[in-house]
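All residue numbers in this chain count up from 1 along the given sequence. Computed from a predicted structure; not experimentally measured. Atoms within each ligand, like the ligands themselves, are counted from 1 in listed order.
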Amino acid sequence: MGSTSFSPSISLSPSLSPHSSKFPNPSPDLFLRSHSSFTPLTLRSNQTRYRFKKLPSSNAPNFLVAASAKAEPLKVIISGAPASGKGTQCELITQKYGLVHIAAGDLLRAEVAAASENGKLAKEYMEKGELVPDEIVVMMVKERLLQPDSQQRGWLLDGYPRSSSQAAALEDYGIRPDVFILLDVSEDILVERVVGRRLDPLTGKIYHLKYSPPENNEIASRLTQRFDDTEEKVKLRLRTHHQNVDAVLSVYKDITVKVNGNEAKERVFAQIDAALTHVGEQRKVNSGSVAA
Ligand code: AP5
């Protein structure tokens, strides 16, 4: 990340001192190099505050140098077949990285529960294990991605895009992740995970009767099962997944990290954690090289 990523809404505030109380962190993010006067300068956008100060060189040319910029929030897509463990891993990722979890399936189920027009239509497709039409899904996801919390904290997009047209829509909006995580799980394990999955309607937590059982009888008594979590329906969902997965992968092949999702959830998370740490380090290196 460097000076090229400034948004057009940035405002200049040359009168502010770098040690003003408006800036709780006195360490500057960016430096202004000018051969004459060195007025402390601040650039601000909605997400990031960029600050400039003079550099010691007296022969420096009159232009801006981005020495180090505060990294933009992380943007992650997690993908995988039905019941590959996306939701389970998203819980662990958000706990550690604080990203906003945006799950296309959850957004759709909220519409179904609200019995909205979109929800009624979506349910017809979900029951058949087919993709809900783009007219419903694309705007819904885009709007959630552009909410202030997603923009400020970064986002973790789960279950979207699922087709080339959905991926193309994201690209058209200029929305691109830093990394695309693909959970790779064998088909027999997927079916077992689907039929054993249960949800706690109170906390939203995902359980599995065998692999992740509820902590006590009180929770066990209120667990529910998703309407599309039957062996018959997961086979339809898997067919839809296989029809579309290659087209989506081709859009993100340069940033894809394939993770072995057959292992226990902690081991799967360890792989993802390592990948996200690596991405974070790369971003730091890149922002440094832009500055040089
Ligand atoms: P969606 O809700 O996204 O379902 P899905 O992709 O089929 O994925 P799941 O939510 O079933 O599984 P998951 O990968 O999150 O696994 P989980 O962590 O729960 O979509 C549902 C429907 O909505 C679609 O069929 C479609 O109709 C529609 N839709 C959604 N997105 C759409 C889009 N973009 N466009 C159009 N339509 C869309 O884990 C599963 C179980 O396994 C749990 O019980 C868990 O405890 C257990 N488990 C997880 N990890 C492990 C592990 N490592 N070891 C042992 N058990 C594990």
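Between Gly85 and ligand 1, at least one pair of N/O atoms sits closer than 3.5 Å. Checked against a 3.5 angstrom limit, the closest N/O atoms of Ala83 and ligand 1 fall inside it.
With a heavy-atom cut-off of 4.0 Å, Cys90 does not touch ligand 1 at all.
Interface atoms of ligand 1 facing Gly87, defined by a heavy-atom separation under 4.0 Å, are 13 (P), 15 (O), 18 (O). Atoms of ligand 1 found under 4.0 Å from any heavy atom of Pro82, numbered from 1 in the order shown, are 5 (P), 6 (O), 7 (O), 8 (O). Atoms of ligand 1 lying under 4.0 Å from at least one heavy atom of Asp228, given by number and element, are 21 (C). Near Tyr207, the atoms of ligand 1 lying under 4.0 angstrom from a non-hydrogen atom of the residue are 43 (C), 44 (O), 46 (O). For ligand 1, the atoms lying closer than 4.0 Å to a non-hydrogen atom of Leu131 are 36 (C), 37 (N). Residue-ligand proximity, Tyr211 to ligand 1, at heavy-atom distances under 4.0 Å covers atoms 55 (C), 56 (N). Numbered from 1 in the order shown, with element, the atoms of ligand 1 that lie under 4.0 Å from a heavy atom of Lys265 read 52 (C), 53 (N). Each of the following atoms of ligand 1 lies closer than 4.0 Å to a heavy atom of Arg109: 2 (O), 21 (C).
Not a single donor-acceptor pair under 3.5 Å links the side chain of Arg237 to the backbone N or O of Gly129. Side chain of Tyr207 to backbone of Arg197: no donor-acceptor contact under 3.5 angstrom is found. At least one donor-acceptor pair under 3.5 Å links the side chain of Lys86 to the backbone N or O of Ala81.
Among Met140, Glu127, Glu124, Arg193, the residue whose heavy atom sits closest to atom 50 (N) of ligand 1 is Arg193. Closest heavy-atom approach to atom 33 (C) of ligand 1 among the candidates Gln166, Arg226, Glu263: Gln166. Comparing heavy-atom distances from atom 20 (O) of ligand 1 across Glu130, Arg162, Arg237, Met126 singles out Arg162 as nearest.
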Full working for salt bridge (Lys or Arg N to Asp or Glu O under 4.0 Å) between Lys253 and Asp246: CA-CA 10 Å; Lys253 59 176 179 289; Asp246 288 342; over 6 Å; no
message: What verdict does the side-chain hydrogen bond (donor to acceptor under 3.5 Å, both in side chains) test give for Ser150 and Arg144, after you've listed the backbone C-alpha separation in whole Å, the side-chain angles of each residue and the deciding distance to 0.1 Å?
response: CA-CA 7 Å; Ser150 314; Arg144 188 64 192 88; 3.2 Å; yes
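Within the structure, every pair that satisfies the ring pair (Phe, Tyr, Trp, His ring centres under 6.0 Å) test and touches residues 163-186, not counting sequence neighbours, is listed here: Phe180-Tyr252.
Atom CD of Glu231 sits in a sparse spot, with 12 or fewer heavy atoms from other residues, nucleotides or ligands closer than 6.0 Å. Counted within 6.0 Å of CZ on Arg267, heavy atoms from surrounding residues, nucleotides or ligands total 12 or fewer; the atom is thus considered open.
Of all protein heavy atoms, the one closest to atom 36 (C) of ligand 1 is Val132 N, 3.2 Å. Atom 29 (N) of ligand 1 has its closest protein heavy atom at Leu108 CD1, 3.4 Å. Of all protein heavy atoms, the one closest to atom 17 (P) of ligand 1 is Arg197 NH1, 3.5 Å. For atom 18 (O) of ligand 1, the closest heavy atom belonging to the protein is Thr88 OG1, 2.6 Å.
For the 3.5 Å distance criterion, the side chains of Thr240 and Glu130 fail to qualify, holding no donor opposite an acceptor. Ser165 and Asp134 are linked by a side-chain donor-acceptor pair at a separation below 3.5 angstrom, with hydrogens and angles left out of the test.
For the ligand labelled ligand 1, residue Gly80 lies outside the 4.0 Å heavy-atom shell.
Leu156 belongs to a hydrophobic cluster whose remaining members, ordered by chain and number, are Leu74, Val76, Ile78, Leu92, Ile93, Tyr97, Leu99, Val179, Ile181, Leu183, Val257, Val259, Val268, Phe269, Ile272, Leu276, Val279; membership requires side-chain heavy atoms of ILVMFWY residues under 4.5 Å apart, directly or through intermediates.
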